[in-house]
Amino acid sequence: MAEPLKIADCVENAIADIAMVFHWRPDDFDQMSLLELMEWREKARVRYEQQE
């Protein structure tokens, strides 16, 4: 069973986390749903933690 999706404390922090890891521009987030944003934020979190 998959772990529950971890949610950022606000949309702006989720965008900042994703942008930092994947180097995306703010415009890249315009068409994303909240669920998609949180899924990408989780991918960014995992990748960031693997680098440490």
Side-chain angles (χ1 to χ4, degrees):
M1 181 176 239
E3 286 188 36
L5 189 62
K6 295 181 180 170
I7 304 294
D9 55 343
C10 70
V11 170
E12 290 82 4
N13 285 344
I15 290 172
D17 292 344
I18 297 165
M20 180 181 73
V21 173
F22 297 116
H23 308 286
W24 292 0
R25 301 167 305 142
D27 295 349
D28 297 328
F29 302 97
D30 288 348
Q31 300 301 314
M32 282 189 189
S33 68
L34 183 58
L35 177 59
E36 186 178 13
L37 181 69
M38 292 303 133
E39 289 171 342
W40 276 108
R41 192 266 177 178
E42 178 62 11
K43 291 176 187 180
R45 184 192 65 78
V46 169
R47 285 185 187 224
Y48 180 78
E49 289 179 358
Q50 288 175 348
Q51 294 175 4
E52 293 183 332

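Just so you know, these numbers come straight off a predicted model, no measurement behind them.
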- Among all residues two or more places apart in sequence or in another chain, which pass the side-chain hydrogen bond (donor to acceptor under 3.5 Å, both in side chains) test with Gln50? none
- Message: Under the salt bridge (Lys or Arg N to Asp or Glu O under 4.0 Å) definition, can you give me all pairs with a residue in residues 27-37, not counting sequence neighbours?
- Response: Arg25-Asp28
- Check ion pair Lys43-Glu39 (N to O, under 4.0 angstrom): no
- Close side-chain approach of Glu42 to Met38, heavy-atom, < 4.5 Å: no
Determine all donor-acceptor pairs shorter than 3.5 Å in which one atom belongs to a side chain in residues 12-22; sequence neighbours excluded.
from, atom 1, to, atom 2, distance (Å)
Asn13, ND2, Asp9, OD1, 2.6
Asn13, ND2, Asp9, OD2, 3.2
Asp17, OD2, Arg41, NE, 2.9
Asp17, OD2, Arg41, NH2, 3.3

- Same cluster or not: are Trp24 and Val46 linked, directly or through other Ile, Leu, Val, Met, Phe, Trp or Tyr residues, by side-chain heavy atoms under 4.5 angstrom apart? no
- Message: Taking atom CD as the centre, does Glu49 end up with more than 12 heavy-atom neighbours from other residues, nucleotides or ligands that are less than 6.0 angstrom away?
- Response: yes
